[in-house]
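Everything on this sheet refers to the single structure shown next.
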There are 2 protein chains.
Amino acid sequence: MVSKADKARADKGDSAGEVDPGVLASFIGYAMKRAYMTIHTDFLASLEHLGLRPGTFSALTIIVDNPDISQSQLARALAIERSGVVLIVDHLEGRELIGRHRVPGDRRAYALRATLAGRRLRDAAVEAIRRHEARVLASLSEEEQAALRGLLARVI
Amino acid sequence: MVSKADKARADKGDSAGEVDPGVLASFIGYAMKRAYMTIHTDFLASLEHLGLRPGTFSALTIIVDNPDISQSQLARALAIERSGVVLIVDHLEGRELIGRHRVPGDRRAYALRATLAGRRLRDAAVEAIRRHEARVLASLSEEEQAALRGLLARVI
DNA sequence: TATTGTTATACTCTATAACTATA
DNA sequence: TATAGTTATAGAGTATAACAATA
């Protein structure tokens with residue numbers, strides 16, 4: 001059965017669903033991208049109220065879990081260039097979420113450490129992300145989530 | 001046993017592996033991002049010799065599979081703004097991979113159609129991507145690839 | 001009034017290269 | 001010579017807003 005709205009859209013050649021994904025649908029990478037984008041959009045929204053973006057959250061949580069990490073080590077952990085880390089660390093330091101401390105014995109490097117406010121914000125973000133993941137993966141059972149996790153790990 | 005190189009790195013605090021992923025490792029979204037990035041990097045490399053990027057490839061293959069699609073429809077299919085489509089279509093048209101044809105009865109819109117060269121380049125890209133996927137998913141059996149595909153579809 | 005395509009503009013993320021100070 | 005951090009700059013991708021032509 002074709003609804004009036006469907007017919008109107010079909011007549012105008014204007015339905016989003018009418019576009020054939022074609023060969024794209026046969027690529028597992030296409031499904032991966034769509035799933036990633038779906039999750040990522042909700043992920044962004046779930047962190048927005050805390051003033052965090054993916055890059056700032058990742059950096060903050062790694063610093064919390066690795067006290068006295070250097071900027072170069074952080075760059076490798078985030079898989080970005082050191083020049084990019086400077087901007088993120090500037091931002092986090094400006095918000096007093098982390099501090100740049102001197103390293104005894106190497107005056108080139110900084111030892112990055114989260115402040116109390118930084119640890120608290122990280123914990124709040126983790127809670128927000130747990131709620132986000134529960135929301136986004138609601139259609140999968142515990143077993144299926146574990147299976148997905150395992151398959152993704154095998155790809156990496 | 002600790003190798004000389006490992007010891008040197010440990011002494012310098014310089015091993016990439018020494019950074020604790022911490023709570024990040026407990027997020028399925030983190031595994032998804034890493035798997036997506038791994039695949040995406042190889043995907044980019046697999047299209048480079050054809051002069052295609054993800055955006056230009058996606059647009060080209062959708063145009064091939066949907067002759068006479070409009071730019072607005074293409075924008076919805078790619079989930080980007082119409083202004084972005086203009087640039088991609090300009091590029092593909094400049095390389096004579098597609099043509100902008102007039103639509104009888106609506107002088108506002110274009111009907112996009114791939115040229116012979118466009119269809120051939122699309123087919124070559126599909127072959128390159130099939131090789132890329134075989135490479136990237138080599139660690140998974142056919143059944144596991146199907147399982148991954150199904151789980152990703154459920155997330156979308 | 002609404003839609004199609006277009007232009008101008010800006011923002012985010014990331015990379016490259018050159019620089020300084022230290023090692 | 002090599003490394004840690006910094007700065008300046010540029011590129012890709014995308015978004016927003018305003019516009020002309022057409023519906």
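Naming convention: chains lettered A, B, ... in sequence-line order (proteins, then strands); numbering from 1 in each chain. No hydrogens, no waters, no symmetry mates; every other heavy atom, side chains included, goes into these values.
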Looking at A:Arg34, I want to see if its CZ is surrounded by more than 12 non-hydrogen atoms of other residues, nucleotides or ligands under 6.0 Å. no

Between B:Tyr110 and A:Asp106, whichever has its closest DNA chain C nucleotide further toward 5' is B:Tyr110

Are the side chains of B:Ile98 and B:Thr115 in contact, using a 4.5 Å heavy-atom criterion? no

Going by the rule side chain to side chain donor-acceptor pair (under 3.5 Å), which residues pair with A:Arg154 if we only count those two or more places apart in sequence or in a different chain? B:Glu144

Look at A:Asp90 together with A:Arg95 and state whether they make a salt bridge at an N to O cut-off of under 4.0 Å. no

Starting at atom CG of B:Leu74, determine the distance to atom P of D:dT14, rounded to an integer number of angstrom. 12 Å

Would B:Arg131 and B:Asp42 pass as an ion pair if we require N to O under 4.0 Å? no

What's the CD1-C1' distance between A:Ile69 and D:dG5, to the nearest Å? 15 Å

Whole-Å gap separating P (C:dC13) and NE2 (B:His40): 17 Å

Should A:Gln71 be listed as having a side-chain N or O under 4.0 Å from OP1 or OP2 of D:dT6? yes

On the 0 to 90° scale, with breaks at 30° and 60°, tag the A:Phe43-A:Phe57 ring pair as parallel, tilted or perpendicular. perpendicular

Please report the interatomic distance CD1(A:Ile156) to CG(A:Leu151), rounded to the nearest 0.5 Å. 11.0 Å

For DNA chain C, consecutive-pair runs of 3 or more (Watson-Crick or G-U wobble, both H-bond-type distances under 3.5 Å) give C:1-23 with D:1-23

Out of D:dT22, D:dA12, D:dA15, minimum distance to the side chain of B:Arg53 belongs to D:dA12

Tell me which nucleotide among D:dG5, D:dT14, D:dA23 gets nearest to the side chain of B:Ile80. D:dT14

Kindly say if A:Arg82 contacts the phosphate of D:dT3, meaning a side-chain N or O under 4.0 Å from OP1 or OP2. no

Distance in angstrom units between B:Asp90 CG and D:dA12 P, rounded: 15 Å

Between P on D:dG5 and CD on A:Gln73, what's the gap in Å once rounded to a whole number? 8 Å

Distance, rounded to the nearest Å, where A:Arg76 contributes CZ and D:dA4 contributes C1': 10 Å

For C:dT3, does either OP1 or OP2 sit under 4.0 Å from a side-chain N or O belonging to B:Ser72? no

Can you tell me how far P of C:dC11 sits from CG of A:Leu44, to the nearest Å? 18 Å

Of A:Leu87 and A:Arg108, the one whose nearest nucleotide on DNA chain D sits closer to the 5' end is A:Arg108

Of the options D:dG13, D:dT7, D:dT22, whose atoms approach the side-chain atoms of A:Val86 most closely? D:dT7

So, under a plain 3.5 Å distance rule, would you say the side chain of A:Ser83 forms a donor-acceptor pair with the base of C:dT16? yes

Of all heavy-atom pairs between B:Arg102 and B:Arg107, which one has the smallest distance, and what is that distance? NH2-O, 2.8 Å

What is the distance, rounded to the nearest whole Å, between atom CD of A:Glu81 and atom C1' of C:dA18? 14 Å

Look at A:Arg100 and D:dT6 and indicate whether a side-chain polar atom (N or O) is within less than 4.0 Å of OP1 or OP2. yes

What's the closest nucleotide to the B:Ala109 side chain, out of D:dT16, C:dT4, D:dG5? C:dT4

